[in-house]
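These notes are about the structure you will find just below.
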Amino acid sequence: MIYAIFSDVHSNSEAFQSVLQKIKKLHIERKIFLGDIVGYCADPDESIDILKSSADVMLGGNHDHGAAGITDISNFNHYAVAAILWTRDMLTPEHKEFLKNLPASMVTDNLTLAHSSPKEPLMWHYILNMFDAMENFEYFNTPLCFIGHSHQPIAIEKDAEGTVNVLRDKIIKLKPTSRYIINAGSIGQPRDGNPDSSFVIYDSGNMTVEFRRIPYNIALTQEKMRREGLPDYLIERLNYGR
């Protein structure tokens, strides 16, 4: 089975459409979304419609649950809060209900999926360092766990001896004796210094994970955000992938 796995669109329909156009050209059999379809950018309703027509498996993230009013946003930074409050005003009632019903994690096809982390997925923890990763390996039993949330694509391996390593290759050959946490990065707001959208291709037959980057029309996304009065910081950061 060949999977396209992607996360953190954040209402950026230009980036989402660019990624999906690329995916259509690949031999993808199953598309998995890891959460945060809304937040930050200016096309929440359009992005949800695109998601519903394109993904086979869908999770919700903290911004999705925040926009639906079921996650407390008091600990979000003030830029994120401004975007969430604007998003709440824009969303149709049907889309708010859709966001409410998205799970934060699941297991399917012998894969653990979580927006934030397998440990306490509704607490929206980040996996940012080796200690976080080592702890989270104890909270899932499948060979692979795919996550989003930090917007930073990375693969972390725990080998048969229990050693944890960070893998930075574009294409990773998975070992049958190891387990992995793989962050797909972000489609709509990358934060690793590369403004191009990030997603992964997982080939279960060949046992490979490949990180892909796709450029999109950043200027058009920014123009829409300015028109809606979204914070300048959120607009400018798209240029730098941060």
Side-chain angles (χ1 to χ4, degrees), residues 2-26 28 30-67 79-80 83-84 87 95 98-99 102 104 113-116 124 126-127 146-155 170 182-202 209-225 230 234-242:
I2 302 177
Y3 300 79
I5 302 175
F6 46 91
S7 190
D8 294 276
V9 169
H10 285 298
S11 299
N12 188 335
S13 65
E14 285 73 38
F16 199 11
Q17 289 169 334
S18 291
V19 168
L20 291 175
Q21 286 169 8
K22 179 63 176 180
I23 287 173
K24 284 180 182 178
K25 299 176 182 178
L26 305 173
I28 300 301
R30 197 156 164 80
K31 296 183 286 293
I32 294 175
F33 176 64
L34 299 174
D36 274 356
I37 188 63
V38 301
Y40 295 131
C41 296
D43 285 328
D45 284 313
E46 181 178 354
S47 296
I48 292 172
D49 285 334
I50 296 169
L51 177 68
K52 291 168 70 175
S53 67
S54 61
D56 301 297
V57 177
M58 295 172 281
L59 299 187
N62 54 318
H63 287 256
D64 301 325
H65 286 199
Y79 302 113
I84 286 291
T87 299
H95 283 162
F98 170 76
L99 295 178
L102 291 175
L113 311 174
H115 175 68
S116 58
W124 314 115
Y126 286 95
I127 298 179
F146 288 95
I147 63 170
H149 195 42
S150 75
H151 299 208
Q152 298 186 30
I154 196 168
K170 180 183 175 183
I182 297 166
N183 193 313
S186 171
I187 286 182
Q189 194 197 80
R191 292 181 188 167
D192 63 337
N194 182 345
D196 293 345
S197 297
S198 173
F199 69 104
V200 298
I201 304 297
Y202 166 52
V209 169
E210 179 179 359
F211 290 90
R212 294 285 190 106
R213 305 303 290 250
I214 303 294
Y216 70 95
N217 191 339
I218 293 175
L220 180 55
T221 299
Q222 292 173 318
E223 178 185 336
K224 291 180 178 180
M225 294 171 73
L230 290 163
L234 298 180
I235 298 168
E236 295 303 320
R237 74 187 302 178
L238 297 178
N239 290 322
Y240 308 105
R242 67 183 187 197

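Since this is a predicted model, take the numbers as computed values, not measurements. These values consider heavy atoms only, across backbone and side chains, with no hydrogens, waters or symmetry-generated copies.
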> From K22 NZ over to S197 OG, what is the distance, rounded to the nearest 0.5 angstrom?
Replying inline: 13.0 Å
> Would you find a donor on one side and an acceptor on the other, under 3.5 Å apart, between the side chain of N12 and the backbone of V9?
Replying inline: no
> Taking only residues two or more places apart in sequence, or in another chain, which ones meet D192 in a salt bridge (Lys or Arg N to Asp or Glu O under 4.0 Å)?
Replying inline: R213
> CE of M58 to CG of L102: how many Å apart, nearest 0.5 Å?
Replying inline: 6.5 Å
>> I want to check something: taking the side chain as every heavy atom from C-beta on, are I218 and N239 in contact at a cut-off of under 4.5 Å?
In response: yes
>> Using the ring pair (Phe, Tyr, Trp, His ring centres under 6.0 Å) criterion, which residues pair with Y240? Sequence neighbours excluded.
In response: none
>> Using the side-chain contact (heavy atoms from CB on, under 4.5 Å) criterion, which residues pair with A114? Sequence neighbours excluded.
In response: S105, I147
> Who pairs with T87 by side-chain contact (heavy atoms from CB on, under 4.5 Å), at least two apart in sequence or on another chain?
Replying inline: V38, P44, A67, L91
>> What I'd like to find out is whether the side chain of I32 reaches to under 4.5 Å of the side chain of L34, using heavy atoms alone.
In response: yes
> Measuring from I50:CD1 to I37:CD1, what's the distance to the nearest 0.5 Å?
Replying inline: 7.5 Å
>> Could you tell me if the side chain of V57 sits less than 4.5 Å from the side chain of K31, heavy atoms only?
In response: no
>> Using a 3.5 Å distance criterion without hydrogens, assess whether the side chain of Q222 forms a donor-acceptor pair with backbone atoms of I235.
In response: yes
>> Rounded at 0.5 Å granularity, tell me how far OG in S11 sits from CG in L234.
In response: 11.0 Å
>> Please enumerate all residues that pass ring pair (Phe, Tyr, Trp, His ring centres under 6.0 Å) together with Y202, with sequence neighbours excluded.
In response: Y3, F146
>> Going by the rule ring pair (Phe, Tyr, Trp, His ring centres under 6.0 Å), which residues pair with F6 if we only count those two or more places apart in sequence or in a different chain?
In response: F16, F33
>> Please determine whether side-chain contact (heavy atoms from CB on, under 4.5 Å) holds for the pair V209 and V200, giving the CA-CA distance in whole Å, both sets of side-chain angles, and the decisive distance to 0.1 Å.
In response: CA-CA 7 Å; V209 169; V200 298; 4.2 Å; yes
> Going from NE2 on H149 to OG on S7, what distance comes out if it is rounded to the nearest 0.5 angstrom?
Replying inline: 9.5 Å
> Do any pairs count as a side chain to side chain donor-acceptor pair (under 3.5 Å) and have a residue in residues 38-49, sequence neighbours left out, and if so which ones?
Replying inline: S13-D43, Q17-E46, Y40-H63, Y40-R191, D43-K224, D45-H95, D49-H95
> side chain to side chain donor-acceptor pair (under 3.5 Å) with H65: which residues, sequence neighbours excluded?
Replying inline: none
>> If you define the side chain from C-beta out and look only at heavy atoms, does anything of V19 sit under 4.5 Å from I187?
In response: yes
>> If I take atom CZ from residue R212 and atom CD1 from residue I5, how far apart are they, to the nearest 0.5 angstrom?
In response: 13.5 Å
> Got a sec, which residues hit side chain to side chain donor-acceptor pair (under 3.5 Å) with E223, two or more places apart in sequence or on another chain?
Replying inline: none
> Looking at Y216 and G188, what are the two nearest heavy atoms and their distance?
Replying inline: OH-O, 4.0 Å
> Between P195 and P190, which heavy-atom pair has the shortest distance, and what is it?
Replying inline: O-CG, 3.7 Å
> Is the backbone N or O of R242 less than 3.5 Å from a side-chain atom of R237, with the two atoms forming a donor-acceptor pair by type?
Replying inline: yes
>> Under the rule for side chain to side chain donor-acceptor pair (under 3.5 Å), what residues qualify as partners of D8, not counting sequence neighbours?
In response: H10, H151
> What are the two closest non-hydrogen atoms of D64 and L59, and how far apart are they?
Replying inline: OD2-O, 4.3 Å
> Which pair of non-hydrogen atoms, one from L20 and one from S54, has the smallest distance, and what is that distance?
Replying inline: CD1-OG, 3.8 Å
> Taking only residues two or more places apart in sequence, or in another chain, which ones meet S150 in a side chain to side chain donor-acceptor pair (under 3.5 Å)?
Replying inline: N183
> Shortest non-hydrogen contact from G61 to W124?
Replying inline: C-CH2, 3.4 Å
> Can you name the closest pair of heavy atoms from I28 and A4 and give their distance?
Replying inline: CG2-N, 3.7 Å
